[in-house]
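Quick notes on the structure that follows.
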Amino acid sequence: MPPLPIRAVLGWNHNSHYHNFLLKQLPFHCENVLDIACRTGLFSRLLAKRADRVVAIDLSPKMIEVAKQKSRQHVY
């Protein structure tokens with residue numbers, strides 16, 4: 001059985017709508033990835049499954065704090 005699309009698992013929003021498309025554009029493994037406007041870090045965490053290092057930035061300090069809290073298990 002094929003895996004469920006990300007939107008089926010996480011719900012739809014205007015950003016997550018493009019996650020599958022964007023992941024298909026990347027090689028299976030990346031050394032470094034930059035996520036600009038990361039918001040809560042959802043896509044950054046998906047990228048972390050394919051990259052050695054993900055740098056996620058956002059203009060909102062509050063969003064960075066939320067992303068850090070939700071991504072604790074991915075910080076090395």
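These numbers were taken from a predicted model, which means no experiment stands behind them.
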Do you reckon Val54 sits in the same ILVMFWY cluster as Ile57, going by side-chain contacts under 4.5 Å, direct or chained?
-> no
Quick one: do Leu23 and Val55 end up in the same hydrophobic cluster if we chain Ile, Leu, Val, Met, Phe, Trp and Tyr together by side-chain heavy atoms under 4.5 Å apart?
-> no
Is there any ring-ring contact (aromatic ring centres under 6.0 Å, His included) pair reaching into residues 35-64, and which pairs are they, with sequence neighbours excluded?
-> His19-Phe43
From Asn32 CG over to Leu47 CG, what is the distance, rounded to the nearest 0.5 angstrom?
-> 12.0 Å
Could you give the distance from NZ (Lys24) to OH (Tyr18), rounded to the nearest 0.5 Å?
-> 14.0 Å
Hey, are the side chains of Val33 and Arg53 touching, using non-hydrogen atoms and a 4.5 Å cut-off?
-> no
Where do Leu46 and Leu22 land on the side chain to side chain contact (heavy atoms under 4.5 Å, CB included) test, with the steps shown first?
-> CA-CA 11 Å; Leu46 294 173; Leu22 292 171; over 6 Å; no
Output, in order, the C-alpha distance, side-chain angles, deciding distance and verdict of side chain to side chain contact (heavy atoms under 4.5 Å, CB included) for Lys70 and Leu42.
-> CA-CA 8 Å; Lys70 291 185 174 209; Leu42 173 61; over 6 Å; no
Please indicate whether Gln69 has more than 12 foreign heavy atoms, meaning atoms of other residues, nucleotides or ligands, lying under 6.0 Å from its CD.
-> yes
Which heavy-atom pair separates Ala67 from Gly41 by the least distance, and what is that distance?
-> CB-N, 3.8 Å
Measure from the side-chain N and O atoms of [X] to the backbone N and O of [Y], and report whether any donor-acceptor pair falls under 3.5 Å.
{"X": "Asp58", "Y": "Ile64", "value": "no"}
{"X": "Gln25", "Y": "Phe21", "value": "yes"}
{"X": "Arg45", "Y": "Thr40", "value": "yes"}

